[in-house]
Q: 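Quick one: the structure is below, questions incoming.
Quick note on labels: first sequence line is chain A, next is B, and so on, each numbered from 1.
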Amino acid sequence: MSSAVQTEQERTRVRAHRRRQSKNWSLFLLFAGPNILLILAFIYYPLFSNMYYSTLDWRLGSSSATQIGLENYAAFFTSDSGLEVWRVTAIFTAGAVLGSMILGLLIALVLNKKIPGKTAARTAVFSPYVLSGVGVAMVWNFIFDPTRGGLSHILGFFGVSSPEWYLNEDWSLFMVIIVYVWKNLGYCAVVFLAGLQSIPKDLIEAATIDRAGPIRRFVSVTLPLLTPTVFFLLVTNILFSMTNAFDILRTMTPTGHGTNTIIFEIYLQSFGAYQRAGYSAAIAVVLFFTLFFITAVQLRFVERKVHYS
Amino acid sequence: MSLTRSRTPKDDAQRRGIAPEDKKKLTKAERKQMRRGSWLDAFSRQNLADTILTGYLPIFVALIVIVLPLAWMVSSSFKPPTEIVTLNPTLLPQDPTLDNFGNVVDRVPLLTMFGNSIYVTVVGSSIKVLLAVTTAYALVFIKVPGRNFIFLGILVALMVPPEVSMLPNYLTITGLGGRDTLWGIILPGLGTAFGTFLLRQHFMALPKEMFEAAELDGAGHFRKLFQIAAPVSIPAIATVGLVTVVNEWNSFLWPLVITGSAEKMTLPVGLNLLQSVETQAGSYGILMAGAVIVIAPMLIIFAALQKYIVAGLTQGSVK
């Protein structure tokens, strides 16, 4: 008898639980559903449809396409133009990341001193990071102009003639790296500054008492304690420089001139002169997995960082 | 909150050899005196050379490199063509003119583009922030099985750059008839992973007691979100909102791909068009006027609200 009562009670409890659960689900979907739907439709669906398109020989706008398996990938990894994209991406990424990190660290070291007016300086240094890449690139187009630009006047003052920034492919690549570093170094400076300020002052003071000079203090005390920040910036900067530079590249070298990094190539292949949609989709898939790999590496390091501190 | 805020003055006090207990008794005037102390410190006779050589000189060089291009842009936008093509340019325009801005309006429908940019930025950001708030709330406070799995799915979306989804989204939006429309520009970017992520972290740190009291009063999730969670999170929401505004205003790739006629372009795309038609050396003044129009609004917003914007953009670096 008592067992029958128990099961009856249990049943009511289960039913109440289910009712609560389904009420929770409908509320959850009401709150989060639209966002989840948008992410599925415009981020996840493209990811998978790209994988399908990447197996096609297909021109954008054409109604016919041929299945060619993995040929697009093979072309991207073996053809001269594909390998050129990898070379340009590697140089651009290395230059952009090292340039903005080294200059950012130098600025952060100066801003870390106790001097009046440094907050205003910090704001000014960070400001290019929030400005339109197109606008910034237009300004630098004027500065780099070999005959009328501000830079040619400055170089002329020292008796040097301006390099052919727009005609020579190597100079073009160097030029877009300079602009990217200019826009990005304030971000590195602010993150480095936060890292520097988290270093306990007494450690630096102890080293000073032990008569360590400023360089020795930096190399033996500051830099080791800054490693988590360096790792963080290294990874985020690699990811940013591979994905955020499109507006500068497109505005300064509209059809790609020694500046076809992987993101620029995705755009140029499908929306540029060639309209090779299938090939472009294959590059997009490769880019996604490259970024996925870098992020996975970062997560490992972040874990280590937690144990370290 | 109050703990972290008091940390800096306390450290300051300790560095100056004042015991922390004395700190509380400091009046406003005394604190001002202490700040003055750091000025005197930096400019005292033994520190003066050090302050100038290793402090102000490098900062000055850095500021020149950062500010000069922007100053050059503003100055050139007021210069007539003769002052642009001259071989002896001056930093300030000798004969300032507004012709360049007038010329931009003649070449492209500037006011329409400016309006488009404002419309896309305001509508896009408002919807994104609302979605981020409700999604983050659901992920933290509405208990359904598998919500951590859903959060993981949103995290992965965070690292997919727009270039990867450009081609399929172009086909989807074109299929829906959204090519060359403002809603076509806005729609694919509405799903927000960044804002959801940031606000979820913030909501998780809110004290549970705050909500328990409201639950005893019989408050449902709507009231808990809009009367408790959202109002106490205004700074975090403002951060998400401002970062979203900056990104929407500067967005270039997607509007470039999906628009065709000048009347539907946002400012960055319109300026790109302007640059392709103005190819003579003398027209740099017109191009700089265009650059001023796209850059100045963000520069002003940043100058006014830099604290929130810097915090939002450097998320993840500082715990």
Q: For A:Val139 and B:Ala291, which heavy atoms make the closest approach, and how far apart are they?
A: CG2-CB, 4.0 Å
Q: Heavy-atom pairs under 4.5 Å with chain B - which of A:Leu30, A:Thr123, A:Ile143, A:Ile283 has more of them than the others?
A: A:Thr123
Q: Under 4.5 Å from any heavy atom of chain A, what part of B:Ile301 do you find: side chain, backbone, both or neither?
A: neither
Q: Between A:Trp182 (side chain only) and B:Val65 (backbone N and O only), is there a donor and an acceptor less than 3.5 Å apart?
A: yes
Q: Side chains of B:Ile309 and A:Val130, heavy atoms from C-beta outward: is any pair under 4.5 Å?
A: yes
Q: Nearest 0.5 Å, what's the CG-CG distance between B:Asn250 and A:Asp247?
A: 7.5 Å
Q: Any non-hydrogen side-chain atom of A:Leu27 less than 4.5 Å from a side-chain atom of B:Phe222?
A: yes
Q: Counting N and O atoms only, with roles assigned by atom type, does the side chain of A:Asn24 sit under 3.5 Å from a partner on the main chain of B:Lys143, one being a donor and the other an acceptor?
A: yes
Q: Below 4.5 Å from any heavy atom of chain A, which atoms of B:Phe141 appear? Answer side chain, backbone, both or neither.
A: neither
Q: Tell me which of these, B:Gly153, B:Gly220, B:Pro162, has more heavy-atom pairs under 4.5 Å with chain A than the rest.
A: B:Gly153
Q: Kindly indicate, with the supporting measurements, whether the criterion side-chain contact (heavy atoms from CB on, under 4.5 Å) is fulfilled by B:Leu287 and A:Phe142.
A: CA-CA 9 Å; B:Leu287 295 177; A:Phe142 183 22; over 6 Å; no
Q: Identify which part of A:Phe271 has an atom lying under 4.5 Å from any heavy atom of chain B, answering side chain, backbone, both or neither.
A: side chain
Q: Could you tell me which of A:Ala41, A:Ser127, A:Ser49, A:Ser198 has the largest number of non-hydrogen atom pairs under 4.5 Å with chain B?
A: A:Ser127
Q: Chain A heavy atoms under 4.5 Å from B:Ile127: which part of the residue, side chain, backbone, both or neither?
A: neither
Q: Evaluate the ring planes of B:Phe302 and A:Phe126, with Trp represented by its six-membered ring, and classify them as parallel (under 30°), tilted (30 to 60°) or perpendicular (over 60°).
A: parallel
Q: Quick check on the interface: out of B:Ser251, B:Gly189, B:Pro145, B:Ala296, who has the most heavy-atom pairs with chain A under 4.5 Å?
A: B:Pro145
Q: Please round to the nearest 0.5 Å and tell me the distance separating atom CD1 of B:Ile59 and atom CG of A:Leu111.
A: 5.0 Å
Q: To the nearest 0.5 Å, what is the distance between CG (A:Leu38) and OG1 (B:Thr192)?
A: 10.0 Å
Q: Could you go through the side-chain contact (heavy atoms from CB on, under 4.5 Å) check for B:Leu167 and A:Ile266 one step at a time?
A: CA-CA 9 Å; B:Leu167 176 67; A:Ile266 295 174; over 6 Å; no
Q: Is the count of non-hydrogen atoms from other residues, nucleotides or ligands lying under 6.0 Å from B:Tyr308 atom OH greater than 12?
A: no
Q: Side chain, backbone, both or neither: which part of A:Thr295 has an atom under 4.5 Å from a heavy atom of chain B?
A: side chain
Q: Specify the closest pair of heavy atoms between A:Val134 and B:Pro268, including all atoms of both residues, with the distance to one decimal.
A: CG1-O, 3.6 Å
Q: Only pairs of heavy atoms separated by less than 4.5 Å count here; which of B:Ile154, B:Leu225, B:Leu190, B:Leu253 has the most with chain A?
A: B:Leu253
Q: What part of B:Ile173 is in contact with chain A, defined as an atom under 4.5 angstrom from a non-hydrogen atom: side chain, backbone, both or neither?
A: side chain
Q: To the nearest 0.5 Å, tell me how far A:Trp140 CH2 sits from B:Met73 CE.
A: 12.5 Å
Q: Closest heavy-atom contact between A:Thr251 and B:Gln275?
A: O-NE2, 3.0 Å
Q: Please find the pair of heavy atoms, one from B:Ala157 and one from A:Ile39, that lie closest to each other, and give the distance.
A: CB-CG2, 3.7 Å
Q: Over 60° means perpendicular and under 30° means parallel, so classify the ring planes of A:Phe31 and B:His221, tilted if in between.
A: perpendicular
Q: Taking A:Asn50 for its side chain and B:Ser165 for its backbone only, find out whether a donor-acceptor pair lies under 3.5 Å.
A: no
Q: So what's closer than 4.5 Å to chain B heavy atoms on A:Leu47: side chain, backbone, both or neither?
A: side chain
Q: Given that the side chain runs from C-beta out, which part of A:Val136 has a heavy atom under 4.5 Å from chain B: side chain, backbone, both or neither?
A: both
Q: With a 4.5 angstrom heavy-atom cut-off, is it the side chain or the backbone of A:Tyr45 that approaches chain B, or both, or neither?
A: side chain
Q: Using heavy-atom distances under 4.5 Å, tell me whether B:Leu256 contacts chain A through its side chain, its backbone, both, or neither.
A: side chain
Q: With chain B as the partner, which of A:Ile107, A:Leu60, A:Leu239 has the greatest number of non-hydrogen pairs under 4.5 Å?
A: A:Leu60
Q: Please report the closest heavy-atom contact between A:Val110 and B:Pro58, naming both atoms and the distance.
A: CG2-CB, 3.8 Å
Q: Could you look at A:Phe28 and say if it's the side chain, the backbone, both or neither that has a heavy atom under 4.5 Å from chain B?
A: both
Q: Side chain, backbone, both or neither: which part of A:Asn244 has a non-hydrogen atom closer than 4.5 Å to chain B?
A: neither
Q: Which answer fits A:Leu103, side chain, backbone, both or neither, if we ask what part of it has an atom under 4.5 Å from a heavy atom of chain B?
A: neither
Q: Using non-hydrogen atoms only, which part of A:Ile36 is less than 4.5 Å away from chain B: side chain, backbone, both, or neither?
A: side chain
Q: State, to 0.1 Å, how close B:Met288 and A:Met138 come at their nearest heavy-atom pair, and which atoms those are.
A: CE-O, 3.3 Å
Q: Which bit of A:Ala137 is near chain B, if near means a heavy-atom gap under 4.5 Å: side chain, backbone, both or neither?
A: neither
Q: Does any backbone or side-chain atom of A:Leu37 lie under 4.5 Å from a heavy atom of chain B? Answer side chain, backbone, both or neither.
A: neither
Q: So, taking the atom named CG in B:Leu271 and the one named OG in A:Ser132, what distance separates them when rounded to the nearest 0.5 Å?
A: 7.0 Å
Q: Relative to chain A, which of B:Met166, B:Lys128, B:Arg147, B:Met298 shows the most heavy atom pairs under 4.5 Å?
A: B:Met166
Q: For B:Val164, run the side chain to side chain contact (heavy atoms under 4.5 Å, CB included) check against A:Leu287, A:Thr243, A:Val285 and tell me which one passes.
A: A:Leu287
Q: I need the A:Ile43 CD1 to B:Asn169 CG distance, nearest 0.5 Å.
A: 8.5 Å
Q: Mind ranking B:Val257, B:Leu63, B:Val246, B:Val133 by heavy-atom pairs under 4.5 Å with chain A and telling me who comes out on top?
A: B:Val257
Q: Considering only heavy atoms, which portion of A:Val190 lies under 4.5 Å from any heavy atom of chain B: side chain, backbone, both, or neither?
A: side chain
Q: Where on B:Ile150 is there a heavy atom nearer than 4.5 Å to chain A: the side chain, the backbone, both, or neither?
A: side chain
Q: Please flag which part of A:Leu291 lies under 4.5 Å from any non-hydrogen atom of chain B: side chain, backbone, both or neither.
A: both
Q: Using non-hydrogen atoms only, which part of B:Thr174 is less than 4.5 Å away from chain A: side chain, backbone, both, or neither?
A: neither
Q: Select one option (side chain, backbone, both, neither) describing which atoms of B:Val156 are under 4.5 Å from chain A's heavy atoms.
A: both
Q: Select, from B:Gly191, B:Ser276, B:Ala303, the one with the greatest count of heavy-atom pairs under 4.5 Å involving chain A.
A: B:Gly191
Q: Checking side-chain contact (heavy atoms from CB on, under 4.5 Å) for the pair B:Glu163/A:Tyr267: CA distance, chi angles, key distance, verdict?
A: CA-CA 7 Å; B:Glu163 288 83 2; A:Tyr267 170 83; over 6 Å; no
